[in-house]
Protein chains: 2
Amino acid sequence: MGEAGFATHDHSGCIEAGLARAGRICTAAGVRLTPIRRRVLEILLAEHRAMGAYEVLDRLAREGHPAQPPVAYRALDFLVRHGLAHRIERLNAFIACSHSGRDHAPVFLICRACGAVAEAGWQPGGGQIGAAARAHGFRVEAVVAEALGTCPNCRAAAP
Amino acid sequence: MGEAGFATHDHSGCIEAGLARAGRICTAAGVRLTPIRRRVLEILLAEHRAMGAYEVLDRLAREGHPAQPPVAYRALDFLVRHGLAHRIERLNAFIACSHSGRDHAPVFLICRACGAVAEAGWQPGGGQIGAAARAHGFRVEAVVAEALGTCPNCRAAAP
DNA sequence: TCTTGATATGTTATAATATAACCCTTTATC
DNA sequence: GATAAAGGGTTATATTATAACATATCAAGA
């Protein structure tokens with residue numbers, strides 16, 4: 001999987017690889033990738049973009065799954081807790097994790113024009129946020145880093 | 001004003017100074033700091049913490065102001081647009097800007113235990129986010145950076 | 001000053017996002 | 001198989017946010 005940028009690519013393999021990876025992670029963590037959880041991850045992987053909880057829910061509904069809000073939120077919470085998906089605060093949306101490494105602090109690049117989201121990795125402790133936190137005596141446990149702007153595709157289309 | 005950290009301080013002067021600064025900024029920008037906008041900023045400055053829109057709204061209501069949701073959202077949007085307040089995505093809440101400088105990209109340090117929020121400044125373009133964006137050909141227009149963790153006060157209280 | 005366009009406010013209604021709470025089922029373990 | 005722990009199904013409701021439209025206020029030129 002690796003980095004997911006804005007470049008279009010054939011990601012038919014992403015879904016399979018993502019599910020396989022999820023299976024490994026869940027096994028290692030001693031938790032269960034149940035059918036609903038697996039299906040939600042699959043939906044996120046297939047769409048390859050940030051999706052709202054109710055959008056995921058609609059999918060499940062159309063497939064005949066039970067589809068009350070808690071169904072989606074529980075599955076999404078699970079995926080986020082185990083690092084298989086991320087929540088994009090700015091969009092109130094969720095996206096499958098596209099970073100292959102272990103524990104990572106993602107930074108999201110969100111295109112205003114097309115809504116595409118790229119995930120990049122970084123070392124939050126090492127940079128300026130870490131420095132700011134140390135200056136305030138603050139212990140960082142998690143970081144939300146989201147950049148809004150325009151992706152290269154949209155700039156090329158409407159410069 | 002300057003940096004707002006976790007240290008307690010007498011911020012009676014903060015309110016006055018914040019309002020004066022807001023007046024200058026609005027005059028310079030040719031926009032109006034109307035009574036409602038001013039009052040909402042005053043509330044945020046006085047509380048000195050992140051407040052939800054409906055919490056601000058309750059205040060206005062108790063003071064006899066009209067208090068339908070758009071009243072609060074419009075005032076808060078105005079304050080955010082002009083850099084007088086910030087939206088904390090992670091909390092769906094708003095906080096008065098406590099950074100005296102000009103255009104700045106704030107990073108927020110949010111304490112899980114007590115909910116306090118400190119605002120620090122940084123240079124988003126220079127750091128790792130800038131590097132990640134350049135690597136993806138992404139043009140950054142705004143950055144949300146929020147760190148969750150524990151503030152020094154809470155760690156001292158319950159280590 | 002009058003008019004006019006732009007901006008702001010008041011209000012109703014509703015959309016979008018998220019969680020509480022309860023009960024039942026499935027799974028893992030002894 | 002008994003039992004505890006985790007997950008799922010469902011109802012209801014809480015929380016956050018905006019659309020839409022009528023009225024009021026302001027700024028600036030005719």
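Each chain gets a letter, A, B and so on, in the order the sequences are listed, and its residues count up from 1. Values reported hereafter were calculated over all heavy atoms of this structure, with side chains retained and with hydrogens, waters and symmetry mates removed.
- Between F138(B) and F6(A), the angle of the ring planes stays under 30°, which puts this pair in the parallel group of the 30/60° scheme.
- Residues passing the salt bridge (Lys or Arg N to Asp or Glu O under 4.0 Å) test with R37(A), sequence neighbours excluded: none.
- Residues meeting the side-chain contact (heavy atoms from CB on, under 4.5 Å) test with R24(B), sequence neighbours left out: A20(B), R21(B).
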Enumerate donor-acceptor pairs with a distance under 3.5 Å from any side-chain N or O in residues 106-115 of chain A to protein atoms, sequence neighbours excluded.
{"residue": "R112(A)", "atom": "NE", "partner": "E141(B)", "partner atom": "OE1", "Å": "2.5"}

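- When the P atom of dA8(C) is taken as reference, atom CZ of R38(B) falls 17 Å away, rounded to whole Å.
- Distance, H82(B) NE2 to dT7(C) P: 11 Å, rounded to whole Å.
- Residue pairs that meet the salt bridge (Lys or Arg N to Asp or Glu O under 4.0 Å) test with at least one member in residues 120-136 of chain B, sequence neighbours left out, do not exist here.
- Inter-axis angle, ends of the helix from dT1(C)-dA30(D) to dC30(C)-dG1(D), five pairs per end, rounded to 10 degrees: 30°.
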Name every donor-acceptor pair, under 3.5 Å, that has one atom in a side chain of residues 61-80 of chain B and the other anywhere in the protein, sequence neighbours excluded.
{"residue": "E63(B)", "atom": "OE1", "partner": "R39(B)", "partner atom": "NE", "Å": "2.9"}
{"residue": "E63(B)", "atom": "OE2", "partner": "R39(B)", "partner atom": "NE", "Å": "3.2"}
{"residue": "E63(B)", "atom": "OE2", "partner": "R39(B)", "partner atom": "NH2", "Å": "2.6"}

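- Residues passing the salt bridge (Lys or Arg N to Asp or Glu O under 4.0 Å) test with R59(A), sequence neighbours excluded: E47(A).
- Counting to the nearest Å, the P atom of dT19(C) and the CG atom of L76(A) are 11 Å from each other.
- Atoms CD (E89(A)) and P (dA17(D)) sit 11 Å apart, rounded to a whole Å.
- Atom-to-atom, CG of D77(A) to P of dA20(C) comes out at 10 Å; the value is rounded to the nearest Å.
- In this structure, E55(A) places its CD atom 13 Å from P of dA18(C), rounding to the nearest Å.
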Fill in the blank from the handout: Letter by letter from the 5' end, nucleotides 2-16 of chain D scores (B base, S sugar-phosphate only, - none; protein heavy atoms under 4.0 Å) -----SBBBB----B
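- E146(A) meets the side chain to side chain donor-acceptor pair (under 3.5 Å) test with no other residue; sequence neighbours excluded.
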